[in-house]
Structure formats: structure tokens, C-alpha cells
K.L.:
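Could you have a look at this structure, given as C-alpha cells, before my questions?
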Amino acid sequence: MSAIAVQAAHLRSGLVLPYARAGRPDGVPVVFVHGIADSWWTFEPLLARLPVALRGYAPTQRGHGDAERPPHGYAPEDFAGDLVEFLDAVGVRRAVLVGVSSGGVAARLVAGSHPDRVAGLVLAGVPAVLADKPAATALAEEVRGLDGPVPRALVEELLRGLTARPPGRGLLATLTEESLKVPARVWRETLRGLLETDLAATLRGILVPTLVLWGDADAILPRADQQRILDAVLGARLLVYEGAGHALHLEEPERLVQDVAAFAAEVLPDRRDGGAPGAGRDAAAP
């Protein structure tokens, strides 16, 4: 099991994002990008299982978990901009980006706009588009009129629908508390950004190696949605997790880590990621 350290990344914009780090310093850098209402905690099962060949980072995005909550800036391009600044802050020149669920939108935006920073892209349970997904539009409608915290019942129902087989009770309780930290306005603005952005356009121009992971029991994303990604991204390949639901990283952490490690060995075999110019110094989180 890999030891996990929690630190704070100071971005050029002034935002401070907590992040978890695990693995050896000389490992291939892999950055995990969470979806709406999550935090770095959603990747705890992955970070704990990292092989020695990888060095894992999992930032908590703006507005989420214990990250700072600016009044504005919750469109996909805002999260993508933070991700590039995060790479600079932790001194990673090139990394494998692993986006899960809606976090894959920010990851693929960075892959398209900064291919020099992305050695490879993994999209795990990531939508090609969202505006045609009833679950996404229904959730946006539920949080539209909320002010203050999102109801616990809504969070618990949402988490139950993410997997075909429920994760352990301890992890589920942690994820629930992390989601409850996110103000309704952040849910609302993040969902609005995802639904109003032309997500199909964010798939164009991606030239980095891309691996698509999808569970065939995903209640949110049909197979046809994943085919749109495969058709749009040159050379992308698909791995199907039979019997798994939407949140593959929670349901199949061991397999997902192994698949990411094998992919990382293909795209960064020499581990020459180097340090980003002018990288900031990270401070330990209290």
C-alpha cells in the first residue's frame, strides 16, 4: 500500500488547492481529476494501490472539498486552467491525466490545448456530451433553486447510483461528507457550465494517446456515448469493465490502477517528465 500525503498547491492565480500525493518521486507522474461534488478523497482507493512505477497526484478542484471557493469561475475551461497551473505548481512537466466522470472534460481540454504537458489521457466513465443525459439535467433542476448546503438525501441518492456494486461503508461515508462541503451555488454553476458548453467540441483536436474506460452497467452513460469519444479522438481505444457501473475508480480500483500503469508505461516509458519551469513550492496542508 502506498503512503498518502496531503499538501497544498499554490496556483499562479492565487487559488490554493489541497491535493493528495502518493508513490515514488521517480515514478511516472499521473494526475487524477475528479468530477462534480467530489474531492481528492474519491481517489484514495487508487492512491493507496499505486505501483512503484507511478507517482500519483489528486488535486481537489476549486469550490470542492476543502479547496478555496471563488465567487465565479466554474465552467469547464476554468477547471482546465487550474489543472495546467497545478502541473506548474507541483513541478510536473508532462503527466498522464486520468479524468473520471465530469472531471474528464477538464482533462481533455488540457490534452487538446496543452499537448506538450500531457503524455496520455485516460477517460474513465466520462461523458462525450451531457445535455442529452436525463440524469444530468434532472440533477441540475434539483439544485437550481437551492441556497446553502445540498440536502444529504440528494447526495446519498446520487452516490448510490454511481456503482453497480456499492463501495465500502467507510469510503461511502467519507464521500458523502466531502460532497456536503460543496455549496449549492458551486453545484449549480458547475452543472450549468457542463450543460451549456459544447462538450462535443472539446473532443476535437486531441492528438495525445487516449484510453477510454467504461463499465457496461453504467446507468448514466450508454455505449453509444462512448463511441462518440472513440470516433472523435484519433487512435483512442476502449476497455470495457463488465458488470461495473459509472464510478469505475470506486468499484474496480485494483483493475483501474493496473490499466493506468500499463498505459503510462506505454506513453512515458523513460519517465523523463522533468520539472516545470518556475514551479512553485508546495506547503503541507494543516
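Basis for what follows: all heavy atoms, side chains included, without hydrogens, waters or symmetry-related copies.
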K.L.:
Using the rule given for side chain to side chain contact (heavy atoms under 4.5 Å, CB included), can you reason through V212 versus R237, listing the C-alpha separation, both sets of side-chain angles and the distance that settles it, and then say yes or no?
P.N.:
CA-CA 6 Å; V212 178; R237 69 180 192 267; over 6 Å; no
K.L.:
With rounding to the nearest 0.5 Å, note down the distance linking CG in D66 to CD in E178.
P.N.:
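Here the interatomic distance stands at 6.0 Å.
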K.L.:
Heavy atoms only: give me the nearest V182-G63 pair and the separation to one decimal.
P.N.:
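So the minimum-distance heavy-atom pair works out to CG1-O, 3.8 Å.
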K.L.:
What closest approach, in Å, do P253 and E251 show between heavy atoms, and which atom pair accounts for it?
P.N.:
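Where P253 meets E251 most closely, the heavy atoms are CD-C, 3.3 Å.
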K.L.:
Under a 4.5 Å side-chain heavy-atom rule over Ile, Leu, Val, Met, Phe, Trp and Tyr, are V208 and L238 clustered together?
P.N.:
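Result: yes, single cluster for both.
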K.L.:
Check this for me: does any side-chain nitrogen of one of R223 and D216 sit under 4.0 Å from a carboxylate oxygen of the other?
P.N.:
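No, R223 and D216 are not salt-bridged.
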K.L.:
Kindly give the heavy-atom pair with the smallest separation between L248 and G125, and that separation in Å.
P.N.:
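Heavy-atom minimum between the residues: CD1-N, 4.3 Å.
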K.L.:
I'd like to know if E142 pairs up with R188 as an ion pair, taking the criterion as any Lys NZ or Arg NE/NH1/NH2 lying under 4.0 Å from an Asp or Glu carboxylate oxygen.
P.N.:
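R188 and E142: not salt-bridged.
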K.L.:
Please evaluate residues F263 and L239 with respect to the criterion side chain to side chain contact (heavy atoms under 4.5 Å, CB included), reporting the C-alpha separation (whole Å), side-chain torsions for both, the decisive distance (0.1 Å), and the verdict.
P.N.:
CA-CA 12 Å; F263 179 69; L239 291 181; over 6 Å; no
K.L.:
Verify the neighbour count for atom CG of D198: are there more than 12 heavy atoms of other residues, nucleotides or ligands below 6.0 Å?
P.N.:
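Yes, CG of D198 has more than 12 neighbouring heavy atoms, counting only those of other groups under 6.0 Å.
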K.L.:
Would you please test D82 and R12 for salt bridge (charged side-chain N to carboxylate O under 4.0 Å, His left out) and show each step?
P.N.:
CA-CA 9 Å; D82 288 348; R12 287 191 308 274; over 6 Å; no
K.L.:
Heavy-atom count check: over 12 atoms from other residues, nucleotides or ligands less than 6.0 Å from E68 CD?
P.N.:
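Counting neighbours around CD of E68, more than 12 heavy atoms of other residues, nucleotides or ligands fall under 6.0 Å, so yes.
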K.L.:
When clusters are formed by joining ILVMFWY residues with side-chain heavy atoms under 4.5 Å apart, either directly or through shared neighbours, do L199 and L83 land in the same one?
P.N.:
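L199 does not cluster with L83.
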K.L.:
Run the salt-bridge test on K133 and D225 with the 4.0 Å N-O cut-off and return the result as yes or no.
P.N.:
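Answer for the salt bridge query: yes.
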K.L.:
How about E44 and I4: do any of their side-chain heavy atoms sit closer than 4.5 Å?
P.N.:
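Yes, their side chains come closer than 4.5 Å.
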K.L.:
If you look at every heavy atom in V110 and A80, which pair is closest and at what distance?
P.N.:
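For V110 versus A80, the nearest heavy atoms are CG2-O, 3.5 Å.
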K.L.:
Grouping I, L, V, M, F, W and Y whenever their side-chain heavy atoms are under 4.5 Å apart, do L123 and L234 come out in a common cluster?
P.N.:
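Per the 4.5 Å side-chain linkage, L123 and L234 are not co-clustered.
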K.L.:
Any cation-pi pair here, R255 with Y241, using under 6.0 Å and within 45°?
P.N.:
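Because its charged atom sits under 6.0 Å from the ring centre and within 45° of the axis, R255 does stack over Y241.
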K.L.:
Could you go through R108 and E77, starting from their C-alpha distance and side-chain angles, then the distance that decides it, and tell me whether this counts as salt bridge (charged side-chain N to carboxylate O under 4.0 Å, His left out)?
P.N.:
CA-CA 10 Å; R108 74 197 194 207; E77 57 265 27; over 6 Å; no
K.L.:
Out of curiosity, E242 CD to E252 CD, how far, rounded to the nearest 0.5 Å?
P.N.:
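It comes to 10.5 Å.
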K.L.:
Determine the minimum heavy-atom distance between R228 and L203, stating which atoms define it.
P.N.:
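Closest pair (atom of R228, atom of L203, distance): O-CD1, 4.4 Å.
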K.L.:
Would you mind checking if R62 and D78 are paired as a salt bridge, meaning a charged N to carboxylate O distance below 4.0 Å?
P.N.:
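Salt bridge absent between D78 and R62.
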K.L.:
Checking the side chain of E254 only, and the main-chain atoms of L46 only, is there a donor and an acceptor separated by less than 3.5 Å?
P.N.:
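The answer is no, because no donor-acceptor pair under 3.5 Å joins these two groups.
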K.L.:
Kindly work out whether a path of hydrophobic side-chain contacts (I/L/V/M/F/W/Y, heavy atoms less than 4.5 Å apart) joins V267 to L256.
P.N.:
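The answer is yes; both residues are in one hydrophobic cluster.
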K.L.:
Assign the ring pair H249 / F43 to parallel, tilted or perpendicular, where the plane angle (0 to 90°) is split at 30° and 60°.
P.N.:
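Rings of H249 and F43: tilted, 30 to 60°.
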K.L.:
Give the minimum heavy-atom separation between T60 and S39, together with the two atoms involved.
P.N.:
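The pair with the smallest heavy-atom distance is OG1-CB, 3.7 Å.
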K.L.:
Give the cluster check for F79 versus V143: same hydrophobic cluster or not, with ILVMFWY residues linked at side-chain heavy-atom distances below 4.5 Å.
P.N.:
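Yes; tracing contacts between hydrophobic side chains, which count when under 4.5 Å, links both residues.
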K.L.:
Checking side chain to side chain contact (heavy atoms under 4.5 Å, CB included) against T42, which of L250, L162, T174 comes through?
P.N.:
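With T42 as partner, side chain to side chain contact (heavy atoms under 4.5 Å, CB included) holds for just one option, L250.
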K.L.:
What's the spacing between L54 CG and R49 CZ if we round to 0.5 Å?
P.N.:
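Between L54 CG and R49 CZ, I get 14.0 Å after rounding to 0.5 Å.
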K.L.:
For the pair R69 (side chain) and A67 (backbone), establish whether a donor and an acceptor sit closer than 3.5 Å, ignoring hydrogens and angles.
P.N.:
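Present.
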K.L.:
Before giving the answer on side chain to side chain contact (heavy atoms under 4.5 Å, CB included), spell out for V33 and V100 the whole-Å C-alpha distance, their side-chain angles and the decisive distance to 0.1 Å.
P.N.:
CA-CA 6 Å; V33 188; V100 304; over 6 Å; no
K.L.:
Looking at E141 and R144, is any side-chain nitrogen of the basic one under 4.0 Å from a carboxylate oxygen of the acidic one?
P.N.:
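Yes, R144 and E141 are salt-bridged.
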K.L.:
Just do the salt bridge (charged side-chain N to carboxylate O under 4.0 Å, His left out) check on E189 and R192 with the steps written out, would you?
P.N.:
CA-CA 5 Å; E189 291 304 309; R192 181 162 65 180; 2.6 Å; yes
K.L.:
Under 3.5 Å, is there a donor-acceptor pair linking the side chains of S101 and H246?
P.N.:
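Looking only at side-chain atoms, H246 and S101 do form a donor-acceptor pair, the distance falling under 3.5 Å.
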K.L.:
Please verify the inter-ring angle class for Y57 with Y19; under 30° counts as parallel, over 60° as perpendicular, anything in between as tilted.
P.N.:
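The arrangement is tilted - the two ring planes meet at 30° to 60°.
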